[in-house]
Amino acid sequence: MCGIVGYIGHQEASAILVQGLKRLEYRGYDSAGVVMLNGELELVKGKGKVDALAKKLQSASPKGTLGIGHTRWATHGEPNDVNSHPHLSQNGRISLVHNGIIENYHALKTSLQKKGYIFQSDTDTEVVVNLIEEIYDDGAVSFEGAIQLALQQIVGTYGLAIVNLDEPDRIYVARKGSPLLLGLGDGEMFIASDASPMVEHTSKVIYLDDGEMAIVRRDGYDIKTIKDEPITKEVHELAMSLEAIEKENYPHFMLKEIFEQPRVIMDCLRGRVQFDDHTIQLGGLTDVMDDLLSVKRLTIAACGTSWHAALVGEYLFEHLAKIPTEVEYASEFRYNEPLMGEGDVLIAISQSGETADTLAALREAQNRGAIALGICNVVGSTIARETDAGVFTHAGPEIGVASTKAFTSQVVVLTTIALMLAKRRQTITDERYAELIDELARIPSKMEQILAQADQIKEMAKHFTYAQNFLYLGRTLNFPIALEGALKLKEISYIHAEGYPAAEMKHGPIALIDHMMPVVVIAATDHTNDKMISNIEEVRARKGRVIAVTNPGNDEVKNLAEFTVEIPSTEDMLSPLLTVIPLQLLSYYIAVNRGCDVDQPRNLAKSVTVE
């Protein structure tokens, strides 16, 4: 959550900070602020998005070539001017920004209050800046030492950028559980929560790990642990392009990312699946292949949309590779005394590679002796660096908070892993394996056919702007798609929506159905089609409004539904890659019709780095 930027160099810092905060706004947008160090600490901050901050900066015009900034997703204290970052210490000489949660802030705050500290905000962050001040003012250690001692007292997570009037040519940064990068320029340095603010300035970055801090100067940096042990870090080359994080001609990032999915799937498959000879090569799994082939049970841990992709993966691993598979909410995993040990494999799925709950799950699995694999989108992310092996999704930057292309790319990666294991474990015939590989090659073009119907779905969406509740129904592989469709609608339109296995409708949810209740039915033509028709009849008998996603020739479903989206037929195992797209578009257009902020829905953030 929360986005941090920092700059020290030869340029005016405020414009660089604001541009960087706009790039990070997907991480939180309750409030924003910057502090410039130019002989004094000039603080400009307040409730609202970064555009509101930019307007304030136009009138305040703070000058300086050193500054730090923050865009907030509120944890402690409501979004308002006082609780926004940066925060100042009591004497006004130290300022910092923070991403994370200080779990023992209350005890630290009580101790500082007894020493005469008066707090202005409701945040846990203000405790950190005053704790550093209290240790520093004691005079026994340097400012660097004061930061190190303060961090050793803190329980929780943090990404921090800190400035001090006594050291006007340095920014201190530290990380535990919340991502931070250094960008290396020519006589200038950049700091950010991810690479997006740095793309137009430098391609050379350093990823900090937990328990590390950096002292950043115009001409370089020093990195050490918070216990003062020097560290040498590898410099990485960024592969991200500026075009990838621009909206181009789309009204929203979310719509752009929905339409990028055919290309994303091709990028995800390129170099991994050889369609001419039906081979799959996933280099990131080479070192653990023997473990995967002999594994008795797989566990997949994920959150949100990634959890829905994991449910699809469970079906694929069990039906294709015949491996018993369990899907766990990563947020619950370590609290449930997981029965994992040597010989077990956990797959952690996360778009950002920084999801706090998913990181905690993979670390728990590793501590118990299991092998931890990662599926993520961000090279250099913590999950990418801490897992024993893994596969990148190559979806490119996903700016819209509601995930779309990340979901389909995760499903593609899970599909290729399942197919590869099925082939090597000889749990699938050569003929069936080749059929699925051939059909996988056709998925991008079939996605294009669905996207060509966007205007039709846009018109359909106008009929449901009024809705307060939605029900989504699917079976087998398309039950997770019902969950994902409901989540997308909730996230961006604020309409209450639930996804259910279609047969479960009559075990409770059917009580909700009346003439005001839209029901989205995923009725792909497969072995469950007759049962889905029966479920549609049950909805119609209660006067529910049926929206059906189905295939050509399924006339009985089309005759029963009030609205139909017809998608190309495909193999049952691959159908989630197609059935999800109409649901993404439907959610998008309903949200637009309701006047919602599609890319930055209320209360949400893209990268969930707190528990």
Side-chain angles (χ1 to χ4, degrees), residues 304-305 307-312 314-315 327 329 402 407 457 460-551 554-567 572 575-576 578-591 593-594:
T305 285
W307 187 77
H308 299 155
L311 291 175
V312 176
E314 176 184 16
Y315 195 97
V327 175
Y329 282 110
F407 172 78
I457 298 170
M460 181 198 310
K462 294 176 181 177
H463 293 270
F464 300 103
T465 304
Y466 73 87
Q468 297 302 309
N469 300 281
F470 256 78
L471 191 62
Y472 288 73
L473 303 176
R475 286 177 179 264
T476 62
L477 273 160
N478 282 308
F479 161 53
I481 302 307
L483 293 173
E484 176 61 12
L487 178 61
K488 287 287 99 47
L489 191 69
K490 280 184 278 198
E491 286 177 317
I492 63 172
S493 74
Y494 318 137
I495 295 173
H496 174 253
E498 298 294 341
Y500 276 89
E504 284 296 307
M505 174 185 62
K506 54 185 173 288
H507 295 287
I510 198 168
L512 299 172
I513 296 175
D514 60 16
H515 68 285
M516 296 292 288
M517 171 74 86
V519 181
V520 178
V521 179
I522 306 167
T525 308
D526 58 20
H527 65 286
T528 68
N529 191 59
D530 289 344
K531 299 296 184 183
M532 290 301 301
I533 289 170
S534 296
N535 297 140
I536 294 172
E537 292 279 20
E538 291 162 356
V539 172
R540 281 168 50 88
R542 277 82 183 173
K543 301 189 185 301
R545 305 186 67 183
V546 177
I547 305 165
V549 177
T550 191
N551 303 123
N554 203 346
D555 294 335
E556 194 165 358
V557 167
K558 287 188 274 189
N559 292 335
L560 290 171
E562 182 179 354
F563 295 93
T564 302
V565 180
E566 193 173 275
I567 66 172
D572 294 353
S575 65
L578 301 184
T579 55
V580 73
I581 293 177
L583 308 191
Q584 294 171 347
L585 288 167
L586 181 64
S587 298
Y588 171 78
Y589 287 119
I590 288 175
N593 290 341
R594 288 166 67 91

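This chain uses plain numbering: 1 for the first residue, then up along the sequence. Values reported hereafter were calculated over all heavy atoms of this structure, with side chains retained and with hydrogens, waters and symmetry mates removed.
Taking the centre of each ring, F464 and Y589 stay at or above the 6.0 Å mark. Note: F563 and H463 meet the aromatic proximity criterion, with ring centroids under 6.0 Å apart.
When all heavy atoms are compared, the tightest approach of S587 to Y472 is OG-OH, 4.2 Å. Between V312 and P480, the shortest heavy-atom contact is CG2-CB, 3.8 Å. Between K488 and T305, the shortest heavy-atom distance links the atoms NZ-OG1, 2.9 Å. Annotation for A561 and A548: closest pair CB-CB, 3.7 Å, computed over non-hydrogen atoms. Listed here is the closest heavy atom pair of I492 and A591: O-CB, 3.3 Å. Nearest heavy-atom pair across V565 and M460 is CG2-CE, 3.3 Å.
A heavy-atom distance below 4.5 Å is not found between the side chains of L512 and L471. Between E566 and K558, the closest side-chain pair of non-hydrogen atoms falls below 4.5 Å. Contact annotation: the side chain of E314 approaches that of V327 to within less than 4.5 Å [non-hydrogen atoms, C-beta and beyond]. At a threshold of 4.5 Å between non-hydrogen side-chain atoms, the residues V519 and V521 count as touching. Under the 4.5 Å side-chain criterion, counting only non-hydrogen atoms from C-beta, Y500 is not in contact with H507. A heavy-atom distance below 4.5 Å is found between the side chains of R594 and I495. Within the 4.5 Å cutoff, the side chain of R475 has heavy atoms near those of the K531 side chain. Under the 4.5 Å side-chain criterion, counting only non-hydrogen atoms from C-beta, V539 is in contact with M505.
Between E538 and R542 there is no salt bridge, since no side-chain nitrogen of the basic residue lies less than 4.0 Å from a carboxylate oxygen of the acidic one. Classification of E562 and R540 as a salt-bridged pair fails, no side-chain N sitting under 4.0 Å from a carboxylate O.
Taken to the nearest 0.5 Å, the OG1 atom of T564 stands 9.0 Å off from the CG atom of N554. Within the model, atoms CZ of R545 and CE of M517 stand 12.5 Å from one another, a figure rounded to the nearest 0.5 Å. Taken from CG in L473 to CZ in F479, the straight-line distance is 10.5 Å, to the nearest 0.5 Å. Atom CG of L477 sits about 9.0 Å away from atom CG of D526, to the nearest 0.5 Å. Separating the CD1 atom in I481 from the OG atom in S575 is a distance of 7.5 Å, to the nearest 0.5 Å. The CZ atom of F470 sits 12.5 Å away from atom NE2 of H496, with the distance rounded to the nearest 0.5 Å.
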(message) Evaluate L578 against V549 for side chain to side chain contact (heavy atoms under 4.5 Å, CB included), listing each step before the verdict.
(response) CA-CA 10 Å; L578 301 184; V549 177; over 6 Å; no
(request) Walk me through it: do V546 and L560 pass the test side chain to side chain contact (heavy atoms under 4.5 Å, CB included)? (result) CA-CA 8 Å; V546 177; L560 290 171; over 6 Å; no
(request) Tell me, with the steps shown, if D572 and H527 meet side chain to side chain contact (heavy atoms under 4.5 Å, CB included). (result) CA-CA 9 Å; D572 294 353; H527 65 286; 4.0 Å; yes
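Atom CD of E498 sits in a crowded spot, with more than 12 heavy atoms from other residues, nucleotides or ligands closer than 6.0 Å. More than 12 heavy atoms of other residues, nucleotides or ligands sit less than 6.0 Å from atom NZ of K506.
Between Y329 and W307, the angle of the ring planes stays under 30°, which puts this pair in the parallel group of the 30/60° scheme.
Shown are N478, T550, N551; of these, the side chain to side chain donor-acceptor pair (under 3.5 Å) with T579 is made only by N478.
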